[in-house]
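Just so it is clear, the structure is predicted and the values come from calculations on it, not from any experiment. Order of the sequence lines fixes the chain letters, A, B, ..., with proteins taken first and strands second; residue numbering starts at 1 for each chain.
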2 protein chains.
Amino acid sequence: MTASDSSRQPASRRGGSERAEHLAGLIMALARREGMKAGDRLIEQRLADALDLSRAPIRLGLKALETAGLARGEPHRGFVLAKNPTSGAAQPALAAVRRREQVYATIAGDVLASRLPADVTEAELMRRYGLSRAELQRLLDRIAAEGWVARLPGYGWRFAETVSSPEAHAKAMAFRAVIEPAAIAQPGFALSQDVIARLRERQQRVFEGELEKMTIGEVFHSGCEFHEEIIRGAGNPFFLESLRRVNSIRRLFAYRSFADRDGMRRHVREHLRLLEVLETRRYAEAAELMAKHLQRPLVAGLS
Amino acid sequence: MTASDSSRQPASRRGGSERAEHLAGLIMALARREGMKAGDRLIEQRLADALDLSRAPIRLGLKALETAGLARGEPHRGFVLAKNPTSGAAQPALAAVRRREQVYATIAGDVLASRLPADVTEAELMRRYGLSRAELQRLLDRIAAEGWVARLPGYGWRFAETVSSPEAHAKAMAFRAVIEPAAIAQPGFALSQDVIARLRERQQRVFEGELEKMTIGEVFHSGCEFHEEIIRGAGNPFFLESLRRVNSIRRLFAYRSFADRDGMRRHVREHLRLLEVLETRRYAEAAELMAKHLQRPLVAGLS
DNA sequence: GATTGTTCTTTAAGGCAATAATATACAATC
DNA sequence: GATTGTATATTATTGCCTTAAAGAACAATC
């Protein structure tokens with residue numbers, strides 16, 4: 001009924017190489033994470049290592065970036081960032097990525113609004129969203145990895161009730177309120193000064209202006225990264241892993257939440273405060289602070 | 001180098017329908033969980049509902065059970081359990097299931113012992129374990145769902161360091177020691193008398209003798225079920241989900257642990273004690289008890 | 001009236017060949 | 001000496017087709 005008919009095309013040949021633009025997006029995202037500026041060199045091997053790829057696909061991504069005007073390249077000198085990755089101009093390349101995400105978002109929306117039955121066959125999804133079997137499988141694998149759909153033993157898949165339930169958000173927060181402070185309170189917890197500095201720099205930048213220019217999705221993403229980086233300090237992958245999963249589900253309803261810029265501002269300030277305490281290794285205190293940070297009901301979802 | 005060559009066959013036609021025997025195994029496992037006895041009827045639709053399947057595959061499973069001598073069927077009267085599902089005789093049908101699990105176990109062992117590089121291509125795995133692409137994909141999907149392998153952005157997969165690390169077990173326990181007591185202490189925690197009764201009955205049975213007859217794997221499985229049923233009481237799927245994931249990884253190294261029957265006995269006694277406290281709704285006390293239960297170093301892994 | 005038996009429809013898995021994407025090795029350039 | 005350019009080998013995806021598996025509907029039986 002609500003299915004998007006999503007350009008019935010052979011999945012390749014669609015506006016100048018979908019894959020390349022996707023790669024371009026990955027590169028820009030990395031550049032942003034690393035705090036790179038316009039003019040910085042984009043060294044192939046370094047990008048390849050950071051993204052767990054070989055140079056071949058990186059190269060495609062770089063070419064796409066050049067086409068999009070986000071990078072400039074000269075023969076035998078490689079590529080250089082043409083714009084600050086945080087600037088609004090980073091959108092063009094991302095536009096392609098967005099298109100790729102469209103079906104995902106549509107499905108997420110349909111599941112959240114219960115427009116889709118809990119149990120569905122692949123055939124039905126293919127028809128409904130105009131996907132090839134291969135495309136659908138990729139998508140379902142990804143969603144399964146995020147934990148909100150699972151294969152049934154026979155034919156078909158089942159969406160987790162978790163997602164569509166109205167209390168889902170509260171439950172996710174309750175879970176975080178348990179694991180995040182506990183992680184900080186773990187015996188071996190430690191956060192290198194490097195990491196702290198990087199996190200602070202990023203939060204500071206957001207605090208001092210970028211916030212206004214960011215989309216809800218970006219703010220959300222940035223918050224997740226912050227918290228995931230901190231929980232990583234426990235040195236226990238189970239904490240990190242479980243936070244990641246919660247976050248990937250929270251992301252689904254984050255889009256619905258209102259943009260309360262003031263609340264977000266206060267939120268980021270708390271992040272900065274937390275970093276101060278972590279820096280001086282007062283972990284017990286930091287754990288408490290984190291607990292408070294998470295318990296605050298807050299609008300409808302960020303952190 | 002250590003690859004098992006695993007009967008290079010077309011994946012179907014292998015000793016009287018592999019799939020049917022697998023289904024038979026599912027049915028027996030269900031019968032055990034539900035505490036069924038020899039003589040109980042196996043009603044197709046009921047089994048189908050419980051296993052999220054239709055009657056067609058159930059029927060195959062039942063026929064296989066009959067062949068294996070675990071069920072008896074008469075025309076128009078359906079099937080009846082021939083043996084107690086807890087008896088050792090339940091093994092024959094499971095033998096087929098085990099065969100199916102063999103490659104999985106081999107891979108798990110190779111990863112645990114670091115005989116496999118962290119990054120591998122599918123082609124390499126296919127060669128090494130003598131699998132078709134389809135078989136391998138199924139396997140990798142399952143392992144990915146369990147969380148100890150993940151697709152790389154390019155070609156290949158990466159096994160989680162989590163698994164092979166020597167501290168993995170301690171980390172898993174540390175994580176459990178956080179979430180399980182916290183789950184019990186959640187505001188809405190509740191466990192119906194029904195559930196408590198069922199759990200008690202099961203633990204009691206194990207305590208009073210079955211323990212001696214169970215394999216390590218079965219003891220482990222039973223322990224997981226117990227804990228998962230309890231954490232479910234928090235009514236927060238994130239707790240349950242994360243415990244499940246930890247457990248599916250713990251299972252990997254559980255096989256290596258020694259069978260300390262005395263330790264296990266004490267362990268089950270603690271489960272029974274915990275149920276008593278839960279029954280009277282003294283949740284704070286129960287949470288503490290659970291924390292102690294999990295903190296005890298214990299041999300090498302059960303609970 | 002519930003359950004099993006049977007038939008028919010739909011769904012997905014498996015294998016194969018063609019093609020695209022990625023990795024790798026080495027030469028060329030700065 | 002590090003990085004880019006290029007050629008080659010390896011790896012995995014895609015689409016197509018065949019076949020197996022599962023679901024659904026209805027009749028038959030207890």
Side-chain angles (χ1 to χ4, degrees), chain A residues 9-14 17-20 22-23 26 41-49 51-63 71 73-80 119-127 131-138 140-141 151-157, chain B residues 9-14 17-20 22-23 26 41-49 51-63 73-80 119-127 131-141 151-157:
Chain A
Q9 288 204 15
S12 349
R13 284 305 161 286
R14 216 185 318 198
S17 181
E18 168 136 10
R19 176 72 179 146
H22 178 218
L23 290 163
L26 291 180
R41 282 192 71 188
L42 294 163
I43 292 161
E44 294 186 0
Q45 191 60 56
R46 207 149 325 152
L47 296 172
D49 292 344
L51 294 175
D52 276 322
L53 280 161
S54 68
R55 280 175 52 212
I58 294 299
R59 191 158 255 272
L60 290 178
L62 288 171
K63 293 222 181 90
E74 288 186 57
H76 293 290
R77 320 206 144 184
F79 292 85
V80 157
D119 293 6
V120 284
T121 61
E122 291 180 9
E124 191 177 335
L125 291 172
M126 284 165 64
R127 280 194 295 268
L131 297 170
S132 72
R133 175 145 258 131
E135 287 172 320
L136 179 65
Q137 296 230 7
R138 278 256 164 196
L140 286 172
D141 280 354
R151 260 211 136 71
L152 289 169
Y155 291 157
W157 297 71
Chain B
Q9 288 205 13
S12 347
R13 282 306 159 285
R14 217 186 316 198
S17 182
E18 169 138 8
R19 175 75 180 143
H22 179 218
L23 290 162
L26 290 180
R41 282 191 72 186
L42 295 163
I43 292 160
E44 294 185 359
Q45 192 60 57
R46 203 137 344 139
L47 296 173
D49 292 344
L51 295 175
D52 276 322
L53 279 162
S54 68
R55 280 174 53 212
I58 295 297
R59 191 157 254 272
L60 289 178
L62 289 170
K63 294 224 180 89
E74 287 185 57
H76 293 291
R77 318 206 145 183
F79 292 84
V80 157
D119 292 8
V120 284
T121 60
E122 292 179 9
E124 191 177 335
L125 291 172
M126 285 166 63
R127 281 194 294 269
L131 298 169
S132 72
R133 175 146 257 130
E135 286 172 320
L136 180 65
Q137 297 232 9
R138 278 255 164 195
L139 202 50
L140 286 173
D141 280 354
R151 257 210 138 71
L152 289 170
Y155 291 158
W157 297 70

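OP1 or OP2 of D:dA22 lies within a sub-4.0 Å distance of a side-chain N or O belonging to B:Arg19. Checking the phosphate oxygens (OP1, OP2) of C:dA13, a side-chain nitrogen or oxygen of A:Arg151 falls inside 4.0 Å. One finds a side-chain N or O of A:Arg138 lying less than 4.0 angstrom from the OP1 or OP2 phosphate oxygen of D:dT13. Taking only side-chain nitrogens and oxygens, B:Arg133 never comes nearer than 4.0 Å to OP1 or OP2 of C:dG14. Distances shorter than 4.0 Å separate some side-chain N or O of B:Arg127 from OP1 or OP2 on D:dT11. In this model, the phosphate group of C:dT3 is not approached by any side-chain N or O of B:Arg41 to a distance below 4.0 Å at OP1 or OP2.
Between B:Gln137 atom CD and C:dA12 atom P there is a gap of 17 Å when expressed in whole angstrom units. Rounded to an integer number of Å, the gap from B:Met126 CE to D:dT13 C1' is 13 Å. The interatomic distance linking A:Lys63 (NZ) with D:dG5 (P) rounds to 8 Å, in whole Å. Separating the CZ atom of A:Phe79 from the P atom of D:dG5 is a distance of 7 Å, rounded to the nearest angstrom. Rounded to an integer number of Å, the gap from A:Arg77 CZ to D:dT3 C1' is 12 Å. Spacing between atom CD of A:Glu124 and atom C1' of C:dT10 amounts to 12 Å, rounded to whole angstrom units. Between the P atom of C:dA12 and the CD atom of A:Glu122 lies a distance of 5 Å, rounded to the nearest Å. The separation between A:Leu152 atom CG and C:dA12 atom C1' is 13 Å, rounded to whole Å.
Smallest separation of non-hydrogen atoms from A:Ala71 and A:Phe79: CB-CD2, 4.5 Å.
Defined by atom type and a distance below 3.5 Å, a donor-acceptor pair is present between the side-chain atoms of A:Gln45 and A:Asp49.
Under a 4.0 Å N-O distance rule, the pair B:Arg127/B:Glu122 does not qualify as a salt bridge.
For A:Ala134, taking side-chain heavy atoms from C-beta onward, the closest of the listed nucleotides D:dA22, C:dT22, D:dG15 is D:dG15. Comparing D:dT3, D:dA22, D:dC30 by their closest approach to the side chain of A:Arg46 singles out D:dT3. Distance from the side chain of B:Ala56 is smallest to D:dA22 among C:dT4, D:dA22, C:dT22.
Of the residues listed (B:Leu62, B:Leu26, B:Leu53), the one engaging B:Leu47 in a side chain to side chain contact (heavy atoms under 4.5 Å, CB included) is B:Leu62, and it is the only one.
Counting heavy atoms from C-beta on, the side chains of A:Arg151 and B:Arg138 come closer than 4.5 Å.
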Working for side-chain contact (heavy atoms from CB on, under 4.5 Å), residues A:Asp119 and A:Trp157: CA-CA 6 Å; A:Asp119 293 6; A:Trp157 297 71; over 6 Å; no

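Residue B:Arg55 is in base contact, counting any heavy-atom pair closer than 4.0 Å across all strands shown. B:Leu125 comes within 4.0 angstrom of nothing in the nucleic acid, heavy atoms only. Using a 4.0 Å heavy-atom distance criterion, A:Leu42 is classed as a sugar-phosphate-only contact.
When each of A:Thr121 and B:Gly154 is assigned the nucleotide of DNA chain C with its nearest heavy atom, A:Thr121 is the one assigned upstream, toward the 5' end. Ranked by how close their nearest DNA chain C nucleotide is to the 5' end, A:Ser54 and A:His76 are led by A:Ser54.
A donor-acceptor contact under 3.5 angstrom links the side-chain atoms of B:Tyr155 to the base of D:dT11.
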